[in-house]
Amino acid sequence: MDVSDLIDPLNTAQREAVTSPLGHALVLAGAGSGKTRVLTHRAAWLVRVEGATPYNLLAVTFTNKAAAEMRGRIEQLLGVSGSGMWVGTFHGLSHRLLRLHWQEAGLPQSFQILDSEDQRRLVKRVMRDLEVDDNRWPVRQIQGFINARKDAGERPDDLDGNDPYTGQMTQVYAAYESACRNSGVVDFAELMLRTVEVLQNHLELLGHYRRRFRHVLVDEFQDTNGIQYQWLKLLAGPEADVFIVGDDDQSIYGWRGARVENLQRFRSDYANTQVLRLEQNYRSTATILEAANTLIAKNSDRLGKKLWTEDEQGEPIALYAAFNEQDEARFVIERLMAWVEEQELARSDIAILYRSNAQSRTFEEALLSRRIPYRVYGGLRFFERAEIKDALSYLRLINNRDDSAALERVINTPTRGIGNRTIEAIRIAARDQNVSLWVAAKGLVENRGGLSARAINSLGAFLGLIDRLAAETVEMDLADQMETMIDRSGLRAHVGKDRSERAQDKLENLDELITAARNFEQDAVIEEGMDTLTAFLSHAALEAGEGQAGAWEDCVQLMTLHSAKGLEFPVVFLVGLEEGLFPHRMSVEEPGRLEEERRLAYVGVTRARQRLVITYAERRRLHGRDEFGIASRFIRELPPELVDEVRARFSVTGPGIAAGMGQDKADSSVSEAGFDLGARVQHSRFGEGVVLGCEGNGPNARIQVNFDAVGSKWLVAAYANLERV
DNA sequence: AATCCCTTTATTTTT
DNA sequence: TAAAGGGATT
């Protein structure tokens, strides 16, 4: 049997992991050590050498993107495609299981999935019903509580609500649950919890899956939470071999319930776990790697791992202390422009990484003004847009009239004379009779009870419209159904009336949705027992799509450190390394959270392949006021000999006097040798220009001047003989 | 139903 | 600062 294609591309440690004897294995895989390759090759190895079939595999990850990549690579190695392999995200696989066993799970056959926004709205509505003051009890906080409880596997009955806080939270939790039940909807956490419960309560199902899944593989294990761990433990029965890959140093989601301890716990729960380490890094230069190692060594409680590379030393890490955030952006962009030109780098080879989203703005403005294409990751995703969710809500109602979350969303969108009072009356009726909003509304119309004739009319018209459209579109294919709903509900006209410049975008989004439906119908493999509409709605909730179109253009990449995990770039700018910003002020108090920030810095550093530039601003406009920043402790924790400081202040009188920029003239001081950034200067040969920046100090200081006539030039300050104009 | 004005708040995010 | 959400106003 020839397995050279599985084995040859691997190094010794990777090979040892891939070919390890059956049994449990924990692979501690450092950044850039080829963990996805190990995982996929292991899966293929199990089938091609150990006699497993794809049917015996369960492979789990966190994101749709990672799952798709994993599936693709495994299928490629096995030479099969479209197999019945269970490869997917925790939520996707749970969803699949619940669709197959909806009866055992106590769900309606066409149950729908609430995304976070739907969930928040529903929690809020429940709170109104219970008359819980949302000033004292912020909705988001309660939503967080509910999800945290579910992630820990706890139902309201499991909670001890003796103290007022837990008592109040639990009351809302319980009411929220019953609202979900009445509507036939589940939230993301519920997908996990309900799956665990079905398996616990139906041993025949559990036995079936345990007999099937002889080999369980899990990626990014450090990101698992309590319920996901339970889920795995259930599905991977005593007969199964479990192969997990993770990196405790890249655990950056503790704040949303991820438990790094699960790595340790796995080792003690699964006897004879073989622990393997992947420490050879194929991504970064020795300099970058050494910096990363030194930084992460400051954390305690590590499982221990030290990355090494055969790569060359590479360039030192550049550090730039900017005057303020604009100067920071200016520096980053000039530097990246120079590299794109000189080294013929693609713009997409360059990433600007920051701690928080708000920091992207300054960079966007600077990039925009120089007409450099860029792409910001994150933000609103396609299926999360308001007009898209409105359209989907009409379909949800067609699918299931009791979906109160959907009804509430569209009952007066577009406005059709059903105001707050009417909706409130429906809610009260629904609550009193413990029925869905749809049933309550129907009752009100039939009994003509308690509402003005006008309200009854409007409401009756709405109910009739939905019923009629449902009947008329039942035979249509999904895309036609979608189009009919968008048009006949009046949504398209409503969206088109939006007299902001966004109306056009929104209309295009609606068309895009119809196209998405058409493509889905053609391409998607639909689970047994699910109709196309249900499948599409689930797909929309589980896979919210990309944030921005236009990804094909060669763009500079802007994203948070969190979203950069798993990616790599030849050039990385790590910006805003100031105390209070990174590490964030909200994380510096507790040692545990500070360590997570440090891991985040580690993730950032290890994204870079060839060049890493770190910047911070000595002054930054934050929440409308000027804040003075000091360099992040993470900068000090890097080995100084690997860091090359690019000096922007070129005062000869010593450090500490920063030349101010534009906005704050009163505060700017100019040293004898120096010029303000932005100052107009005169050169004997090049004429007049504007000072853009400078590097170095003393006699070696170089000044960059953008001359009106000849453009930007670097000049040695000592010889330039610049005169202020 | 739309508009205005006030208050509040400002990490990280996938499913 | 600025954006978003809520309440009151028109």
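Proteins get letters first, then strands, A, B, ... in listed order; numbering begins at 1 in each. Both backbone and side-chain heavy atoms feed into the values below; hydrogens, waters and symmetry mates do not.
Nucleotides B:dT13 and C:dA2 are separated by 23 Å at their C1' atoms, to the nearest Å. The gap from the P atom of B:dT12 to that of C:dA3 amounts to 15 Å, rounded to the nearest Å.
Residues from residues 129-151 of chain A placing a heavy atom under 4.0 Å of any atom in DNA chain B do not occur.
Partners of A:Arg396 by side-chain hydrogen bond (donor to acceptor under 3.5 Å, both in side chains), not counting sequence neighbours, listed by chain and number: A:Asp118, A:Asp403. Qualifying side-chain contact (heavy atoms from CB on, under 4.5 Å) partners for A:Ser393, counting only residues two or more places apart in sequence or in other chains: A:Ala406, A:Arg409, A:Val410. For A:Trp255, the side-chain contact (heavy atoms from CB on, under 4.5 Å) criterion is met by A:Tyr253, A:His562, A:Glu596, not counting sequence neighbours. Taking A:Arg259 as the reference, A:Glu261 meet the side-chain hydrogen bond (donor to acceptor under 3.5 Å, both in side chains) condition, with sequence neighbours excluded. Annotation: ring-ring contact (aromatic ring centres under 6.0 Å, His included) contacts of A:Tyr209 (sequence neighbours excluded): A:Trp86, A:His101, A:Phe213. Partners of A:Glu197 under the side-chain hydrogen bond (donor to acceptor under 3.5 Å, both in side chains) rule, at least two apart in sequence or in another chain, are A:Arg155. Here A:Thr534 pairs with A:Asn399, A:Asp531 under the side-chain hydrogen bond (donor to acceptor under 3.5 Å, both in side chains) rule; sequence neighbours left out.
The salt bridge (charged side-chain N to carboxylate O under 4.0 Å, His left out) analysis of residues 60-70 of chain A, with sequence neighbours excluded, yields the pairs A:Glu69-A:Arg73.
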Determine all donor-acceptor pairs shorter than 3.5 Å in which one atom belongs to a side chain in residues 354-365 of chain A; sequence neighbours excluded.
residue	atom	partner	partner atom	Å
A:Tyr354	OH	A:Met559	N	3.4
A:Arg355	NH1	A:Glu597	OE1	2.9
A:Arg355	NH1	A:Glu597	OE2	2.4
A:Ser356	OG	A:Gln359	OE1	3.2
A:Gln359	OE1	A:Arg355	N	3.4
A:Gln359	OE1	A:Ser356	N	3.0
A:Ser360	OG	A:Asn357	O	3.1
A:Ser360	OG	A:Glu364	OE2	2.9
A:Arg361	NE	A:Glu365	OE2	3.2
A:Arg361	NH2	A:Glu365	OE2	3.3
A:Glu364	OE1	A:Tyr374	OH	3.1

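Looking at heavy-atom distances under 4.0 Å, A:Lys124 makes contact with sugar-phosphate atoms alone, never a base. Within the nucleic acid shown, A:Gly417 comes within 4.0 Å of sugar-phosphate atoms alone, with no base atom in reach, counting heavy atoms only.
Protein chain A contacts DNA chain C from C:dT1 to C:dG6, reading 5' to 3' and using non-hydrogen atoms of the protein with a distance under 4.0 Å.
Nearest heavy-atom pair, A:Glu384 versus A:Ala544, reported as atom, atom and distance to 0.1 Å: OE2-CB, 4.0 Å.
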Practice task
Could you encode protein contacts along nucleotides 8-15 of chain B as a string, one character per nucleotide from 5' to 3', using B for base contact, S for sugar-phosphate-only contact and - for no contact, with a heavy-atom cut-off of under 4.0 Å?
Solution key: --BBBBBB
